[in-house]
Every structure is written in structure tokens, then in C-alpha cells.
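As C-alpha cells, the structure follows; a few thoughts come after it.
One is the number of the first residue; the rest follow in order along the sequence. Remember, predicted model here, so these are calculated numbers, not experimental data. Note that ligands are numbered from 1 as they come in the structure, with each ligand's atoms numbered from 1 the same way. When reading the values below, keep in mind they use all heavy atoms of this one structure, side chains included, and skip hydrogens, waters and symmetry mates.
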Amino acid sequence: MFPFLLLLALVSSKPIPEDLGNGFYYIGVNDDHITLFEGQYPVKNGMAYNSYMAKAKSGEIAIFDTVDVHFANEWLAKIEHNLKGQKPKYLIIHHMEPDHAGSIGEFMKKYPETTVVSSRMAFVMMNNFFGTDFKNNRKVVKEGDILRMGQFNFYFVEAPMVHWPEVFVTYEINSKTLFSADGFGKFGSNNKDEPWDDESRRYFIGIVGKFGDNVMDLLKKAGKIQINTVYPTHGPILTENLGHYIDLYVKWASYTPEEDGVVIAYSSVYGHTEDAVKKLAESLGKKGKKVVLHDLNRVDPSYVVADAFRYSKLVLASVTYMGDVFPSMKGFIDHLVSRNFKNRKVGFIENGSWSPTAEKVMRDLLKNCENLDLINVSVKLRGSVTEDNVKEIENLAESLA
Ligand code: FEO
């Protein structure tokens, strides 16, 4: 189904040249000032909003997606520079989230004769955002439609819930280029050199982790065609070793662990619960297990959620707090559940000097997740780590190993 070789060479983010070849041009922008993407995901290396131009030998020109409205002027200047006095014929909008659609209004003020090409639902959203659905100069497209423009044949494929319901992607048949919208995107500006996998995983799990089945539907369609190049709306253009990225996407979308290992996520207040998880990590390490420790009070949950999806096993360790679980643990589990966390083995450590409830609460919070193997061996601290707790920790390590 996925006719690509699994190779290990990885692309990293770096400036994208303007002339991409085959009549395509890069006209996207880098946001090096943003600190929280979508108001919640820390992006220490900023964000890229990619946009592309296709110039046909016939003289016709199409623009693919816009950029965040705060970068509209920079983007419009790039368009003007590459138009070289010509006018755009089409503005193709794959996705209406404002990081890509925010500058439609500014664009249409400058180029009002352009035909906007998008899905029926996207035009409803345009009316919501811009007060017009461009009914006098629009083209509604659906699955299987082809827009012919000079040497280009743009084939449209619906991709609902990757990431919003109106999304579609475009496959240019002759050059075998996939305009993948949010698919295959990542956090990080294209000005910064960083590996693709980690920030793409955190982006994918955070943003479309809930919609794995929809992503699998799109991957099945993509598996039937030859793809030479992927033009995402975030992050670098992908041209080599596409099998690597597709293999990761299949794992993420099917909730399959990438590798065997134990993530220990803990909420500790005075350090006793932290003592216990460090003892567990040490024991697992001696058994040859890969272990990743995350202090939920100090690490943004998006990093921990990404690792929980990366590895095969998870240990949740929390103090009891106000008859409940500690707030950072509660928030973390909520992030997991809302992203359909499944197909993993989970162990527990609880602490509570009186009326301990953390383990029960954590188990209850996970009760609707599918195919979780909840380990019955647990570690029950009542303050500091006792000799009995050390034995419990060893038993838990045995269950995880
Ligand atoms: Fe990058 Fe769903 O927008």
C-alpha cells in the first residue's frame, strides 16, 4: 500500500529557495516571533506558514494558500515579485484555519479578479471569517475534480478532519507533487535547522492526534499514487526518503508505538513521588529498557503527550490532591484521552498520606481509552519511599520489562 523504501536520512528545516523548479515557487513566510502556536503549543523555533505559486507556460498562475494575516504584507510582496507584472488566475485554499487562510481578504482586495478555488464547506467558513463567500468569482471543487492550467493538472482529494472538516489536498499529476495542507507539517520556522521527526510528531499528535482514522483514510489514498514531492503548509518541503515520513505518519495515525520504551510522567510536590519514579527508572535501566522521565509540573504537556505516543509503555505517578489527582497529571491525562490514546501498557504510582485516591482517579480517567493494558501491580506511597515501596517498584519494573 505504501510503495516507499524506509530510509533513515532525514530532512531538517532550512530556508526554502524561491524557485522550486517545475514551474513552482515558494512564497511562504517565517514567523520567528510566535511563542505559542494555536495559543497552546510552545514553539521555541517559531513557525512557518508556507504558500506556493504555480506558473504555467501558458501564462496562467495559481497561488496555493495564504499566510497568517500578520504576515500579509510580506506575503503579498513575494507574490508581486514573482508575478512579474502578471495577474493570478486562481487562489486555491486547502484549509480555512487562519494560519493559512487569514490573508484571503487582503489578497482579494489586491487581486479581485482571481477565482477562489476551495471546497463547499470552506466557502461557508470564508463567509464566517470574511463576510463573503466570493460567490461571483469562485470555483467549488470536490473529490476527484481536476483543474487544468497549462501543463498542470491539479487533482483534488478531500481530507476531512486533517485537520478541519473542509480540508482537501491537491495532487499535481505531471510533476507528482502533493500539496498536503497541514499534513506532513511541523512546528518551527524554516529559518531554523532542526530535525523533522520530533517537532513533526509533537505537531501531529497535538493537532490531529484525535483524527487518526481520518489521516489513515488520506494515507490510503496517497498510497495509490506516486509522490515525488510534498509541499506542506508548515515546515520543509519533502523530496527525499518519503517512505520515512509516511511510515511515521502510518504509525502516528494508527496509534502504533514507534519503539519499545517506558515514559514515566510524574507530578511530585515535595520530591517523594519523584524519588519513587527515579528508582523505577534506575531499575528499568538496569533491565536494559529505554526510559524517558517527564516532570509534569515543569514540562509542557505537548512534549510528554508526543513521547507517550512514541513509546510503548507509560507510567503515571501522582500525589493525591484535594481528594483528586494533582492538577498537572489531570491535565496531562485529559490531553491523552482527547487524542484517543490507545494500544499501550500503563502502570501507576500513587502517593497520599491520608485518603489516597490518585491511582483510582487515574485509572478512572483512562477507562474509555481503547486497548490499554493497565498493569495491576502498583506502587502505593504514603509519604516517603519505604522498603515495601522499593519491592513494589521492582515488581512494577518487572511488569514493564
Ligand atoms: Fe496549520 Fe490547521 O492549520
Exercise. Report the protein N/O/S neighbours of atom 1 (Fe) of ligand 1 that fall below 2.8 Å; do not count waters.
Key: D99 OD2, H100 NE2, D182 OD1, H234 NE2

Ignoring hydrogens and angles, state whether a donor on the side chain of [X] or [Y] is under 3.5 Å from an acceptor on the partner side chain.
X: N50; Y: N190; answer: yes
X: T386; Y: D388; answer: no
X: H70; Y: D31; answer: no

Quiz item: Would you find a donor on one side and an acceptor on the other, under 3.5 Å apart, between the side chain of D19 and the backbone of Y25?
Solution: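 Pair absent, no side-chain N/O of D19 close to backbone of Y25.
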
Quiz item: Rounded to the nearest 0.5 Å, what separation is found between the CG atom of L366 and the CG atom of L336?
Solution: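 One finds 7.0 Å between CG of L366 and CG of L336.
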
Quiz item: salt bridge (charged side-chain N to carboxylate O under 4.0 Å, His left out): which pairs involve residues 146-175, sequence neighbours left out?
Solution: none

